[in-house]
Amino acid sequence: RTGGREFPCFGDSCSTPSHVPTNHCSLPFLEGTVQKTQQSHQSISCPPYSALIPLLMKNPRYFKSHNSYKFVAHNPEIRCKYIYIARNPKDVCVSLFHHTRGFKGKKYFGDFAEFSELFLQGKVESSDWWEHVKGYYENPRNMDILYLKYEDMHRNGSEAVRSINDFCGLPPLSDEVVEEVVRKCTFSEMKEDGKSNYSWTSKGRSKDAPPFMRKGTVGDWTNYFTPEMSEKFDAKTRKTFANLDLEFSESL
């Protein structure tokens, strides 16, 4: 879920309106709509997957996306690696509820009970969660994918960092570097970091909305779901993943 924001980025530097560099310089959204050239600093409107986006970056180029498997950029003749991070559907639903309610432009004012039904039907941003995670897990195009789970990353951040590093073919990391990366990637650390906490979106936030980075915990869904809601989600999970060895933790 991108939130429909625009980020002025050019080459290896990027600034928010308050001139605070953000992580979108080196890892922009493919769904982004505005890029800035390093040479002219002239804003360029870019449709999704515009050829301009990669041309404005230096190798190696990294992008992020919320697109489903069938819409993700892919060319079998070009060597690319994909890292997919999946989170349990109940926590995703709660997070997306606050995200949707949090931005004025989305104009959603419903309660969580209503939103959970929309989520079940796939009538939310990024579409159906179950089909989304299933697509990348089945991977019919045989893309080079590292499939990670949010809950596992909470349990063992060091293992996740090393897996990502090895998958990207980068030089081995020392224990000290891994520890530092894990520390800087904790939710509490990122929430206070102006480069990663999306504080630059504050003008678009709804009045009294929680901060963009709200909790990031595993199991917050228990504060929102009734037993009936939970069973509906479980039933869809069982049906959609019936023939897959794919399970998600709902607590730590």
- Indicate if Phe63 and Leu146 have the same hydrophobic cluster label, given that clusters are the connected sets of ILVMFWY residues with side-chain heavy-atom separations under 4.5 angstrom. no

- Check whether any side-chain heavy atom of Cys93 lies under 4.5 Å from a side-chain heavy atom of Trp221, and answer yes or no. no

- Message: Apply side-chain contact (heavy atoms from CB on, under 4.5 Å) to residues Val178 and Asn165 and explain how you reach the verdict.
- Response: CA-CA 10 Å; Val178 170; Asn165 187 76; over 6 Å; no

- Query: Same cluster or not: are Ile83 and Tyr136 linked, directly or through other Ile, Leu, Val, Met, Phe, Trp or Tyr residues, by side-chain heavy atoms under 4.5 angstrom apart?
  - Reply: no

- Task: Pick out which of Phe112, Tyr224, Phe115 makes a ring-ring contact (aromatic ring centres under 6.0 Å, His included) with His98.
- Result: Tyr224

- Task: Using a strict cut-off of less than 4.0 Å between a Lys/Arg side-chain nitrogen and an Asp/Glu carboxylate oxygen, indicate whether Lys236 and Glu131 qualify as a salt bridge.
- Result: no

- Note on the structure: Closest heavy-atom pair, Val182 versus Gly157, reported as atoms and distance to 0.1 Å, is CG2-C, 3.6 Å

Acceptor/donor pairs from residues 241-252 side chains to any protein atom, 3.5 angstrom cut, sequence neighbours excluded:
unit_1 : atom_1 : unit_2 : atom_2 : d
Ser249 : OG     : Arg155 : NH2    : 2.8
Glu250 : OE1    : Lys90  : NZ     : 3.4
Glu250 : OE2    : Lys90  : NZ     : 3.0

- Item | Partner set under side chain to side chain donor-acceptor pair (under 3.5 Å) for Asp166, not counting sequence neighbours | none

- Query: Any chain of hydrophobic side-chain contacts (each under 4.5 Å) joining Ile164 to Val161?
  - Reply: no

- Task: Of all the heavy-atom pairs spanning Asp128 and Leu120, show the shortest one and how long it is.
- Result: OD2-O, 4.0 Å

- Which atom names give the shortest non-hydrogen contact between Leu96 and Glu125, and what distance separates them? CD2-O, 3.9 Å

- Message: Between Glu176 and Glu180, does the side-chain contact (heavy atoms from CB on, under 4.5 Å) criterion hold? Intermediate values first, please.
- Response: CA-CA 6 Å; Glu176 292 75 18; Glu180 179 70 0; over 6 Å; no

- Task: For Asp175 and Arg162, run salt bridge (charged side-chain N to carboxylate O under 4.0 Å, His left out): C-alpha distance rounded to whole Å, both residues' side-chain angles, the deciding distance at 0.1 Å, then the answer.
- Result: CA-CA 10 Å; Asp175 293 342; Arg162 292 190 185 280; 2.5 Å; yes

- Item | Glu179 with Arg183: basic N within carboxylate O range, under 4.0 Å | no

- Query: So, does Asp220 use its side chain to make a donor-acceptor pair with the main chain of Asp91 at under 3.5 Å?
  - Reply: no

- Message: Please tell me whether Tyr82 and Trp129 are part of a single hydrophobic cluster in this structure, the criterion being side-chain heavy atoms less than 4.5 Å apart.
- Response: yes

- Hits for ring-ring contact (aromatic ring centres under 6.0 Å, His included) against Tyr147, two or more places apart or cross-chain, chain-then-number order -> Tyr84, Tyr137

- Nearest atoms (heavy-atom pairs only) where Phe97 meets Gly110: CE1-O, 3.6 Å

- Message: Quick check: closest heavy atoms across Ser126 and His132, and the distance to 0.1 Å?
- Response: O-CD2, 3.6 Å

- For Lys70, check side chain to side chain contact (heavy atoms under 4.5 Å, CB included) against everything at least two apart and list the hits. Ser68

- Main-chain N/O of Val218 paired to Arg87 side chain as donor or acceptor, under 3.5 Å: no

- Message: Donor-acceptor check, side chain of His74 to backbone of Tyr69, threshold 3.5 angstrom: yes or no?
- Response: no

- Within one Ile-Leu-Val-Met-Phe-Trp-Tyr cluster: Trp130 and Val124, side-chain cutoff 4.5 Å: yes

- More than 12 foreign heavy atoms under 6.0 Å from NZ of Lys123: is that the case here? no

- Does the ring centre of Phe225 sit less than 6.0 Å away from the ring centre of Phe233? yes

- Item | Which residues share a side chain to side chain donor-acceptor pair (under 3.5 Å) with Lys134, sequence neighbours left out | none

- Heavy-atom pair of closest approach, residues Ala86 and Glu151: O-OE1, 4.0 Å

- Query: Of all residues at least two apart in sequence or in a different chain, which pass the side chain to side chain donor-acceptor pair (under 3.5 Å) check with Asn156?
  - Reply: Glu159

- For residues Met143 and Val72, determine if any side-chain heavy atom of one lies less than 4.5 Å from a side-chain heavy atom of the other. yes

